[in-house]
Protein chains: 2
Amino acid sequence: MHKLTSKQKSILDFIANFGNEYSYPPTLKEIGEKFRITIGTVQDHIKALQNKGYLERRKDIARGFRVVKSDEENQKERIKSQLNVIPLYGNVAAGEPIFADDNVQGYVTMEKNLKGHKIHFALKVKGDSMIDSGIYDGDIVIVRKQDSAEDGEIVIALLDDEATVKTLRNRRIKAYLEASNSKYKSIINKPFKIIGKVIELRRDYNII
Amino acid sequence: MHKLTSKQKSILDFIANFGNEYSYPPTLKEIGEKFRITIGTVQDHIKALQNKGYLERRKDIARGFRVVKSDEENQKERIKSQLNVIPLYGNVAAGEPIFADDNVQGYVTMEKNLKGHKIHFALKVKGDSMIDSGIYDGDIVIVRKQDSAEDGEIVIALLDDEATVKTLRNRRIKAYLEASNSKYKSIINKPFKIIGKVIELRRDYNII
DNA sequence: AATTTATGCATAGATTAATATGGCATAATT
DNA sequence: AATTATGCCATATTAATCTATGCATAAATT
């Protein structure tokens, strides 16, 4: 891959980070002012960056830049910008509305895109009924809201008006919820409602 | 706070999300085309959004929009700004330098502050030797670099030039590494070096 | 030595985009 | 009933921005 000159790199960085302060890319003129060079010179640099594949640009479009590649720092910034901040709900007591604002204990960040653009939330796991699936008391599960799931998927279900983490069993005549702990029996004869599917697990170890 | 009409809200959303596809805000004309209204009408809507405090705009600046976010949005932004982007290393083969750039498989974000300001990295777990501690093959552990740890803490240790996840046992005469799986024996008579301590666990469930 | 690349200047012209006005109709609010 | 806000159009003007072109020099490359 073509390497950038230091001048080109600093211009690329400028373009990439301009949006942190404003919310739009710079114009040629603004770039020129920053580096005390004329527009014509800026054109040349831009052209070089395009040729080297670091920058895309829409013709005749004001501020029509798009940074394709960039250095590591910029990549990190971009990762940050693609994060989703989702609410973390605590233990939901029976009868309480699950998604009440009062229940928000904090916020968790997750990478979006990969996991579809549906609505997500996080939930703190209570109890050890899923221990054989490696989900422990106090773990945090990230959940995608949906009202159905496949056999074997770990779901959040509403049971007796309480949110609970279980494995969904869906293969026979009737769907039921299965605990991943031999101490617990599967829940077969109670009605339940699936509210989401677990897509990620987080566990914090206590730090001294 | 003034409430938005549905028209105003959809225009605000359009402006806010335009940058997801491009990397710059739209022009008045582009907004107009989207909603099949003329520029003059767009002007009116923009003015309304500005008056209500949802949108800022630079005079005479092409695409000079800036969506002013609600309180909730701002809080999320603040959370994002306190994130740390750390490298994710893959399985480190014997003899290879652990922190080589070539081994970086991606990046993971973590909330900083809480966990000290030391240097962190992430590692993909290979094998099932920690299964009884709820750490599975393919899980990602977030590690804080340090060269010692307390009894019972889960550490990343360098053993035969390979990075491995184990529980540190440190209570008797001699420290040793313990697997969390009855199939595996503890590693007592080999020299090892602690390179970090596991502070967080992440597990992705496959999404359909 | 010749060529290419990077860096720079200057300027005219074309195009894009924002602004300024004025007018009209309807719904919501006072 | 009067006022205000909303929602819409049309057009002329000004400002911002991009493009095209030619020229110059030093450094790196062939």
Side-chain angles (χ1 to χ4, degrees), chain A residues 1-71, chain B residues 1-68 70:
Chain A
M1 194 55 65
H2 302 287
K3 263 205 193 148
L4 295 183
T5 66
S6 69
K7 200 82 197 202
Q8 289 165 356
K9 179 165 158 29
S10 49
I11 288 177
L12 185 66
D13 285 349
F14 177 70
I15 295 171
N17 292 115
F18 193 87
N20 295 349
E21 185 149 4
Y22 309 94
S23 47
Y24 40 82
T27 61
L28 298 186
K29 192 176 158 218
E30 284 163 345
I31 298 169
E33 280 162 0
K34 165 71 181 181
F35 294 98
R36 295 166 191 277
I37 52 180
T38 62
I39 293 178
T41 307
V42 176
Q43 287 179 64
D44 296 338
H45 287 300
I46 296 301
K47 217 167 286 172
L49 286 168
Q50 283 177 281
N51 290 338
K52 291 181 178 179
Y54 286 79
L55 190 66
E56 280 178 8
R57 196 173 180 217
R58 290 281 173 90
K59 195 168 143 60
D60 287 327
I61 295 284
R63 304 171 188 276
F65 293 111
R66 169 180 206 148
V67 175
V68 179
K69 277 182 285 180
S70 56
D71 65 15
Chain B
M1 185 69 66
H2 303 285
K3 262 210 200 148
L4 295 183
T5 66
S6 69
K7 200 83 198 197
Q8 289 166 355
K9 180 162 163 31
S10 50
I11 288 177
L12 185 66
D13 285 349
F14 177 70
I15 296 172
N17 289 73
F18 192 86
N20 294 348
E21 186 151 3
Y22 310 94
S23 49
Y24 40 83
T27 61
L28 299 186
K29 192 177 157 216
E30 284 163 344
I31 298 169
E33 280 162 1
K34 165 73 182 180
F35 294 98
R36 295 166 189 279
I37 52 179
T38 62
I39 293 178
T41 307
V42 176
Q43 286 180 63
D44 296 338
H45 287 299
I46 296 300
K47 216 168 288 170
L49 286 167
Q50 285 178 279
N51 289 338
K52 291 182 178 178
Y54 285 80
L55 191 65
E56 281 177 7
R57 196 170 181 220
R58 290 281 175 88
K59 193 168 145 57
D60 287 327
I61 295 284
R63 303 173 187 276
F65 292 111
R66 169 180 205 146
V67 175
V68 179
S70 65

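Labels below follow one simple rule: chain letters A, B, ... track the order of the sequence lines, proteins then strands, and each chain is numbered from 1.
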At less than 4.0 Å, is any side-chain N or O atom of B/K47 found next to OP1 or OP2 of C/dA18? Yes or no. no

Atom CG of A/D60 and atom C1' of C/dG13 are separated, to the nearest Å, by 13 Å

Separation of C/dG13 atom C1' from A/Q43 atom CD, nearest Å, is 13 Å

Separation of D/dT6 atom C1' from B/Q50 atom CD, nearest Å, is 16 Å

B/K9 NZ to D/dG7 P, in whole Å, measures 14 Å

Task: Side-chain (B/R63) to main-chain (A/A62) donor-acceptor, under 3.5 angstrom - done: yes

Practice problem: For residues B/R57 and B/Q50, determine if any side-chain heavy atom of one lies less than 4.5 Å from a side-chain heavy atom of the other. | Solution: yes

Minimum side-chain heavy-atom gap B/L55-B/R66 below 4.5 Å:
no

Next item on the list: Look at the rings of B/Y24 and B/F18 and say which category their plane angle falls in: under 30° parallel, 30 to 60° tilted, over 60° perpendicular.
Entry: tilted

Atom NZ of B/K34 and atom P of D/dC8 are separated, to the nearest Å, by 15 Å

In whole angstroms, the gap separating P of C/dT15 from CG of A/L28 amounts to 17 Å

From the candidates D/dA20, C/dT19, C/dA17, the one with an atom nearest any side-chain atom of B/R63 is C/dA17

Here the distance between atom P of D/dT17 and atom CD of B/E30, to the nearest Å, is 14 Å

- Message: Do A/I46 and A/I31 have side chains that approach each other closer than 4.5 Å (heavy atoms only, starting at C-beta)?
- Response: yes

Fill in: Residue pair A/I37 / A/H45, side-chain heavy-atom distance below 4.5 Å
yes

* Asked: When you check the phosphate oxygens OP1 and OP2 of D/dT17, does a side-chain N or O of A/R58 lie under 4.0 Å from one of them?
  -> no

Close N/O contacts between protein and nucleotides 6-9 of chain C (under 3.5 Å):
{"unit_1": "C/dA6", "atom_1": "OP1", "unit_2": "A/K52", "atom_2": "NZ", "d": "3.0"}
{"unit_1": "C/dT7", "atom_1": "OP1", "unit_2": "A/T5", "atom_2": "OG1", "d": "2.8"}
{"unit_1": "C/dT7", "atom_1": "OP2", "unit_2": "A/T5", "atom_2": "OG1", "d": "3.3"}
{"unit_1": "C/dT7", "atom_1": "OP2", "unit_2": "A/Q8", "atom_2": "NE2", "d": "3.4"}
{"unit_1": "C/dT7", "atom_1": "OP2", "unit_2": "A/H45", "atom_2": "ND1", "d": "3.4"}
{"unit_1": "C/dG8", "atom_1": "OP1", "unit_2": "A/K7", "atom_2": "NZ", "d": "3.1"}
{"unit_1": "C/dG8", "atom_1": "OP2", "unit_2": "A/H45", "atom_2": "NE2", "d": "3.0"}
{"unit_1": "C/dG8", "atom_1": "N7", "unit_2": "A/D44", "atom_2": "OD2", "d": "3.4"}
{"unit_1": "C/dC9", "atom_1": "OP2", "unit_2": "A/T38", "atom_2": "N", "d": "2.7"}
{"unit_1": "C/dC9", "atom_1": "OP2", "unit_2": "A/T38", "atom_2": "OG1", "d": "3.3"}
{"unit_1": "C/dC9", "atom_1": "OP2", "unit_2": "A/T41", "atom_2": "OG1", "d": "3.1"}

To the nearest angstrom, the CD1-C1' distance between A/I46 and D/dA20 comes to 16 Å

